[in-house]
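This report refers to the structure that appears directly beneath it.
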Amino acid sequence: MGKRDNRVAYMNPIAMARARGPASSGGPTIQDYLSRPRPTWEEVKEQLEKKKKGSRALAEFEEKMNESWRKELERHREKIISGSEISSKKREKRKKEKKKSGGLSSSPSSSSSSDSSSSSDESNNETKKKQTKRKKKKKYSRKSSDSSSDSGSESKDSVKKKKSKDEADRNKDNKSRKRRRADEDDRHSSSQSVSRSDTEEEALSKKKKKHKKHSKKKKKKTLPSSSDSE
């Protein structure tokens with residue numbers, strides 16, 4: 001049994017591509033793009049003129065709209081001015097009518113001159129009384145405003161004083177608390193030191209007692225040994 005021959009013949013890709021011929025592409029080529037139909041110079045001019053006409057039409061439309069808006073604004077202004085003039089005229093007429101009515105009410109009948117003089121005196125007295133009342137009211141209003149301003153300033157000062165007093169009291173309380181805490185800490189530390197010294201003294205006394213007992217025991221042991229030697 002011999003070995004199988006797995007060798008394959010070599011194929012040149014360039015020769016194969018030449019044998020196939022030119023590749024057929026679906027899209028347009030450069031030649032197609034260069035040979036495309038182009039407009040003439042006359043057609044280009046016509047298109048430009050059409051664009052200019054369109055822009056002119058827009059400009060004309062905008063001018064017409066601006067003119068219409070201007071006319072409407074002028075009409076509105078005229079209406080407002082005429083209304084203000086009418087209102088001012090009406091006010092003047094009312095003032096004149098009030099003056100006339102006041103003059104008629106103050107002037108009495110022309111039949112009796114004495115009545116007219118007395119009525120004129122009474123009207124003068126009434127006007128004087130009204131003027132004095134107005135002056136008094138003005139003075140009272142000024143005094144009340146001054147008193148209100150003074151009371152407001154006094155209230156502000158009192159509030160400031162209260163705040164300062166409260167702050168001072170708080171500072172005092174804080175200081176007293178800090179002092180108390182410091183005293184308590186000192187007392188606690190001193191009590192701890194005293195307790196430590198007491199415990200140390202007790203321990204020393206206990207040690208001394210033990211030492212004395214131990215020394216006594218040693219003496220007792222040495223005494224019989226000395227008697228035996230004698």
Side-chain angles (χ1 to χ4, degrees), residues 1-95 145 148-149 152-153 155-189 191-193 195-196:
M1 292 295 290
K3 292 182 180 179
R4 179 182 272 181
D5 191 4
N6 291 322
R7 290 179 293 173
V8 180
Y10 176 73
M11 299 295 287
N12 192 356
I14 296 167
M16 290 173 72
R18 285 176 182 173
R20 286 174 189 168
S24 61
S25 62
T29 60
I30 295 167
Q31 289 179 357
D32 295 333
Y33 178 73
L34 292 171
S35 63
R36 72 186 184 279
R38 297 179 184 178
T40 59
W41 181 243
E42 292 177 356
E43 292 176 355
V44 172
K45 284 182 179 178
E46 288 177 358
Q47 288 177 0
L48 292 169
E49 286 177 357
K50 285 179 181 179
K51 286 181 180 179
K52 286 179 181 178
K53 285 179 180 178
S55 62
R56 285 176 185 173
L58 284 169
E60 289 176 357
F61 178 73
E62 287 176 354
E63 285 178 358
K64 287 180 181 178
M65 290 295 290
N66 290 325
E67 286 178 359
S68 63
W69 280 109
R70 284 173 187 171
K71 288 178 181 178
E72 286 181 359
L73 288 169
E74 286 177 357
R75 288 174 186 173
H76 188 64
R77 285 175 185 171
E78 287 176 357
K79 285 180 181 179
I80 292 165
I81 291 162
S82 62
S84 63
E85 287 178 354
I86 290 163
S87 62
S88 63
K89 287 178 181 179
K90 285 181 179 179
R91 287 175 185 173
E92 288 177 356
K93 285 180 180 179
R94 286 176 184 175
K95 286 179 181 178
S145 62
S148 62
S149 62
S153 61
S155 63
K156 287 179 181 179
D157 293 331
S158 63
V159 170
K160 287 180 180 179
K161 287 178 181 179
K162 285 181 181 178
K163 285 181 179 179
S164 61
K165 285 180 181 179
D166 292 331
E167 288 177 356
D169 293 331
R170 286 176 185 173
N171 292 322
K172 286 180 182 179
D173 292 332
N174 291 322
K175 286 179 181 179
S176 62
R177 286 176 185 173
K178 287 179 181 179
R179 286 176 183 174
R180 287 175 185 173
R181 286 178 184 174
D183 293 332
E184 288 176 357
D185 293 331
D186 293 332
R187 288 175 185 174
H188 186 65
S189 61
S191 63
Q192 285 180 354
S193 62
S195 62
R196 285 177 185 174

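Note that the coordinates shown come from a computational prediction; the quantities given were computed from them, not determined experimentally.
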With rounding to the nearest 0.5 Å, note down the distance linking CG in Asp183 to NZ in Lys178.
14.0 Å
Using 0.5 Å steps for rounding, measure from the NE2 atom of His76 to the CG atom of Leu73.
8.0 Å
dist Ser68:OG -> Glu72:CD (nearest 0.5 Å) comes out at 6.0 Å
Would you say that more than 12 heavy atoms from the other residues, nucleotides or ligands in this model lie under 6.0 Å from the CG of Leu34, or not?
yes
Around atom CZ of Arg36, are there more than 12 heavy atoms from other residues, nucleotides or ligands closer than 6.0 Å?
yes
Pairwise distance CD1(Ile81) to CD1(Ile86) - rounded to 0.5 angstrom
12.0 Å
From CA spacing to verdict: side chain to side chain donor-acceptor pair (under 3.5 Å), Ser176, Asp173
CA-CA 5 Å; Ser176 62; Asp173 292 332; 4.6 Å; no
Say whether, by atom type as modelled, one donor and one acceptor occur between the side chain of Arg94 and the main chain of Arg91 under 3.5 angstrom.
no
Would you compute the distance between atom CD of Glu43 and atom CZ of Arg38 and round it to the nearest 0.5 angstrom?
13.5 Å
Starting at CD of Glu74, measure out to CZ of Arg70 and round the result to the nearest 0.5 Å.
9.0 Å
Please determine whether the number of non-hydrogen atoms from other residues, nucleotides or ligands lying under 6.0 Å from atom CD1 of Ile30 exceeds 12.
no
